[in-house]
Protein chains: 2
Amino acid sequence: MSLNELETPVPVVDLAKVDANLKRMQDYCDTHGIKLWPHIKTHKIVEMAKRQLALGAEGLVCQKLTEAEVMLDAGCENILISYPMIGMEKARRLAAIAGKAKFTVAADSICAVDTLREAAEMSGAEIGVLVEFDSGMGRTGVVTPKEAYELAEMISDTDGLRFAGLMTYPSNENSVAFLKEVKPLLDAAGFGLPVFSGGGTPKAFHQHELGIVDQLRVGTYIYHDRNTVAAGAASLEDCALHVLATVISTPKPGHFVLDCGTKTLTSDPVAAPNKGHGLLVDYPEAVIERLTEEHGMVTLDPDLPAPRIGEKVLILPNHVCPVSNLHDQVAVRQRDGSFEFWDVSARGCTR
Amino acid sequence: MSLNELETPVPVVDLAKVDANLKRMQDYCDTHGIKLWPHIKTHKIVEMAKRQLALGAEGLVCQKLTEAEVMLDAGCENILISYPMIGMEKARRLAAIAGKAKFTVAADSICAVDTLREAAEMSGAEIGVLVEFDSGMGRTGVVTPKEAYELAEMISDTDGLRFAGLMTYPSNENSVAFLKEVKPLLDAAGFGLPVFSGGGTPKAFHQHELGIVDQLRVGTYIYHDRNTVAAGAASLEDCALHVLATVISTPKPGHFVLDCGTKTLTSDPVAAPNKGHGLLVDYPEAVIERLTEEHGMVTLDPDLPAPRIGEKVLILPNHVCPVSNLHDQVAVRQRDGSFEFWDVSARGCTR
């Protein structure tokens with residue numbers, strides 16, 4: 001089956017580019033003595049996780065427990081859930097798998113540490129805990145060094161839990177400043193700092209400059225997208241996932257409609273000067289102005305060559321991770337040019 | 001299982017409200033002699049489609065062929081695919097099911113009519129064709145009455161195809177003006193206008209005022225959402241689907257974080273003065289300011305009562321249809337207060 005024979009809309013992945021992206025990041029980490037922890041949220045595919053581990057990743061990062069349940073199939077011995085667990089349902093769910101790999105979980109509150117304590121008690125397995133702090137994202141994470149220290153103390157005092165270090169996203173200059181304040185507190189108490197876990201594909205190749213990052217959590221680097229290209233972390237040629245779509249209507253000059261909308265591309269915006277809901281690879285001047293669920297409305301200067309109705313076009317998504325989440329399978333271009341459909345097994349794992 | 005025992009994040013549906021919403025729309029259509037054609041895109045659930053048919057819907061509307069393949073299981077004899085089919089893959093796929101129900105498909109181009117001709121030829125089944133025109137949405141649909149007439153002529157001249165009438169979305173005053181121009185052309189050629197198919201939940205209860213609508217295609221009315229409430233088509237009390245989420249972090253006063261982001265709520269905006277990514281039912285002053293994939297960042301005046309960490313909260317989505325598309329199952333509250341999980345079988349059907 002060739003590209004043009006694929007029924008649209010469909011995400012297509014170039015495996016040679018995937019492998020090059022994986023190798024580039026692993027080489028970067030190896031060069032700088034950083035442990036690579038790929039975040040599976042971008043691909044959600046067991047086979048991709050296996051490739052990341054085979055190249056030398058120390059472990060896998062999952063955002064949710066249900067993703068971790070799927071990724072156990074990759075044969076991973078080290079799993080980090082970079083998200084606070086809150087409540088008994090999560091404790092029970094974590095306890096059920098805690099003995100199947102070495103688990104580390106992020107926490108930013110007493111309530112989250114309590115949940116992990118319950119899981120450790122129920123399972124009998126030790127759970128590592130990374131204290132998450134906020135380095136400017138304004139999301140989860142404690143905001144003061146004192147809170148980070150107090151959680152480290154609580155974790156150290158809890159049977160079944162191990163203080164694994166500090167975690168933030170993204171790791172940046174603010175992280176360095178935070179660390180400078182909290183490290184003396186941790187050292188004085190004898191906890192030390194086993195690991196500093198940083199992350200973020202956009203600035204991934206500058207992480208060694210911070211001088212603090214032991215572990216690098218990155219997800220988007222496997223495929224890249226318009227946002228990581230805009231951030232300078234990749235070139236358009238590095239991008240490994242595109243959506244193949246068909247022109248289904250050409251209502252008037254300068255306008256055409258694609259068979260992909262928010263159900264295929266999401267409504268996530270791009271943080272780049274070139275606007276729109278994705279980049280048409282062969283028609284870079286075209287702008288995907290508007291999406292409804294199944295329609296992509298494109299404008300293009302009527303004097304420029306435009307695709308004809310029925311033509312299939314490749315689109316680079318603004319943000320690739322949620323695109324993976326919308327599709328049960330992706331068409332993966334093998335080295336011999338043929339396509340295989342791979343299951344996105346951790347799709348929809350929000351719990 | 002009670003609401004508070006459900007693991008989050010999870011969409012919860014109130015079946016009593018669903019039934020009331022379905023009945024209200026069916027009653028409206030019956031009162032005004034309009035045939036109701038529920039669009040399954042909002043719920044994507046076979047059981048919900050059966051309820052719509054049992055109440056008197058004439059047929060079901062699907063946006064994509066793959067949705068229609070699923071909805072055949074609802075035992076529907078009349079299916080409208082309100083989307084142009086382009087290309088041989090679609091013709092083959094449509095041909096495979098064309099004999100299993102009475103199919104009508106929208107078309108807005110010669111290429112789309114050609115695809116339907118191929119499908120009719122391959123299957124031997126007659127396919128009805130509605131000519132789609134643009135009533136201001138700027139999406140698919142021919143833009144001039146002359147084009148609509150020419151497609152009607154082409155359809156009438158094609159073996160295996162039947163000119164079924166005109167279709168637009170949404171049906172509005174522009175539609176009336178368009179119809180006034182095209183109707184004399186159709187009448188003069190002897191085609192007439194078998195059906196005028198209109199649609200749109202926001203203005204659904206005003207469709208009889210247009211005086212032209214034979215068929216009403218509506219989807220969102222089954223659940224409603226912030227957008228249809230803002231449009232005046234429903235009250236907050238009518239809304240039948242909410243996302244149940246947990247407060248997982250309270251990093252600083254006036255801020256809390258929910259365990260739902262774009263993977264649960266989508267990044268679709270709301271067309272209402274009250275901004276944010278969804279409405280917290282019990283904390284209406286709170287604003288879901290920002291979403292990442294798994295995090296919802298909420299701000300709330302620190303002087304107002306706020307949910308504590310671990311508390312479960314109900315969120316009314318901005319746009320409910322793509323929320324259904326993100327989840328394999330929804331938790332449906334039965335009349336006795338218990339919850340059953342129903343499969344969203346047509347989730348992810350983009351092709």
Side-chain angles (χ1 to χ4, degrees), chain A residues 5-10 41 63-64 83-87 89-90 93 108-112 115 134 137-143 246-252 255 257 259-264 266-269 290 292-295 297 309-310 312 321-322 325-328 347-351, chain B residues 5-10 41 63-64 83-87 89-90 93 108-112 115 134 137-143 246-252 255 257 259-264 266-269 290 292-295 297 309-310 312 321-322 325-328 347-351:
Chain A
E5 289 171 314
L6 294 172
E7 197 185 341
T8 66
V10 62
K41 79 190 182 95
Q63 199 74 334
K64 293 287 182 102
Y83 196 87
M85 304 282 104
I86 301 287
E89 299 98 354
K90 304 298 179 200
R93 200 157 199 156
D108 69 343
S109 68
I110 294 171
C111 190
T115 302
D134 181 12
M137 184 79 176
R139 204 162 65 170
T140 42
V142 299
V143 296
T246 300
V247 176
I248 55 160
S249 185
T250 53
K252 49 192 173 185
H255 291 77
V257 183
D259 64 348
C260 59
T262 61
K263 265 180 69 181
T264 305
T266 82
S267 41
D268 278 17
R290 212 158 40 92
T292 55
E293 279 155 79
E294 305 281 13
H295 297 76
M297 274 59 76
I309 193 166
K312 291 178 181 174
C321 313
N325 189 52
L326 289 169
H327 300 274
D328 292 333
R347 186 212 64 71
C349 290
T350 54
R351 293 201 271 272
Chain B
E5 290 171 315
L6 294 172
E7 197 184 341
T8 66
V10 61
K41 79 190 182 95
Q63 199 76 333
K64 292 288 182 100
Y83 197 88
M85 304 281 104
I86 301 288
E89 298 99 353
K90 303 299 180 199
R93 200 156 197 157
D108 69 343
S109 68
I110 293 170
C111 189
T115 301
D134 180 12
M137 184 78 177
R139 203 163 66 171
T140 43
V142 299
V143 295
T246 300
V247 176
I248 54 160
S249 186
T250 52
K252 49 191 174 185
H255 291 76
V257 182
D259 64 347
C260 60
T262 61
K263 265 179 68 181
T264 305
T266 81
S267 41
D268 278 15
R290 214 157 39 92
T292 54
E293 279 153 80
E294 305 282 11
H295 298 75
M297 274 59 76
I309 192 166
K312 291 177 180 175
C321 313
N325 190 53
L326 289 168
H327 300 276
D328 292 333
R347 186 212 65 70
C349 291
T350 53
R351 294 201 270 272

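Any value given below was found using the heavy atoms of this structure, including those in side chains, with hydrogens, waters and symmetry copies removed. Each chain gets a letter, A, B and so on, in the order its sequence line appears, and its residues count up from 1. In this text, all values refer to a predicted model and were calculated from it rather than measured experimentally.
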Using a 4.5 Å cut-off on heavy atoms from C-beta on, say whether the side chain of A/Glu293 contacts that of B/Lys41.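 Sidechains of A/Glu293 and B/Lys41: in contact.
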Donor-acceptor contact present, side-chain B/Arg351 to main-chain A/Thr8, <3.5 Å: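 Not confirmed, B/Arg351 side chain does not pair with A/Thr8 backbone.
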Non-hydrogen atoms of chain A under 4.5 Å away: do they reach the side chain of [X], the backbone, both or neither?
| X | value |
| --- | --- |
| B/Glu7 | both |
| B/Val10 | both |
| B/Glu294 | both |
| B/Ile110 | neither |

Closest non-hydrogen atom pair, [X] against [Y]:
| X | Y | answer |
| --- | --- | --- |
| A/Gly138 | B/Arg290 | O-NH2, 2.7 Å |
| B/Pro9 | A/Lys64 | CD-NZ, 4.0 Å |
| B/Gly141 | A/Ser249 | N-OG, 4.3 Å |
| B/Arg347 | A/Leu326 | NH1-O, 3.8 Å |

Which residue out of [options] racks up the most heavy-atom pairs below 4.5 Å with chain A?
| options | result |
| --- | --- |
| B/Met137, B/Lys252, B/Arg93, B/His327 | B/Arg93 |
| B/Cys260, B/Gly348, B/Cys349 | B/Cys349 |
| B/Asp134, B/Asn325, B/Thr264 | B/Asn325 |
| B/Ile86, B/Asp108, B/Thr266, B/Thr250 | B/Ile86 |
| B/Met297, B/Lys263, B/Met85, B/His255 | B/Lys263 |

Answer with side chain, backbone, both or neither: which region of A/Thr140 has an atom nearer than 4.5 Å to a non-hydrogen atom of chain B?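 For A/Thr140, backbone and side chain are both near chain B.
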Proximity breakdown for A/Cys111 and chain B, heavy-atom pairs closer than 4.5 Å: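 A/Cys111 touches chain B through side-chain heavy atoms alone.
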With sequence neighbours left out, what residues match B/Ser267 under side chain to side chain contact (heavy atoms under 4.5 Å, CB included)?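 Here the qualifying residues are A/Ser267, A/Asp268, B/Thr262.
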Listed by chain and number, what are the side-chain hydrogen bond (donor to acceptor under 3.5 Å, both in side chains) partners of A/Glu89, not counting sequence neighbours?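 In terms of side-chain hydrogen bond (donor to acceptor under 3.5 Å, both in side chains), with neighbours along the sequence ignored, A/Glu89 is linked to B/Lys312.
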Heavy-atom pairs under 4.5 Å with chain B are the metric here; pick the option from [options] that has the most.
| options | answer |
| --- | --- |
| A/Ile248, A/Val247, A/Val257 | A/Ile248 |
| A/Val143, A/Ile309, A/Thr246 | A/Ile309 |
| A/Cys321, A/Gly87, A/Ser109, A/Ala112 | A/Cys321 |

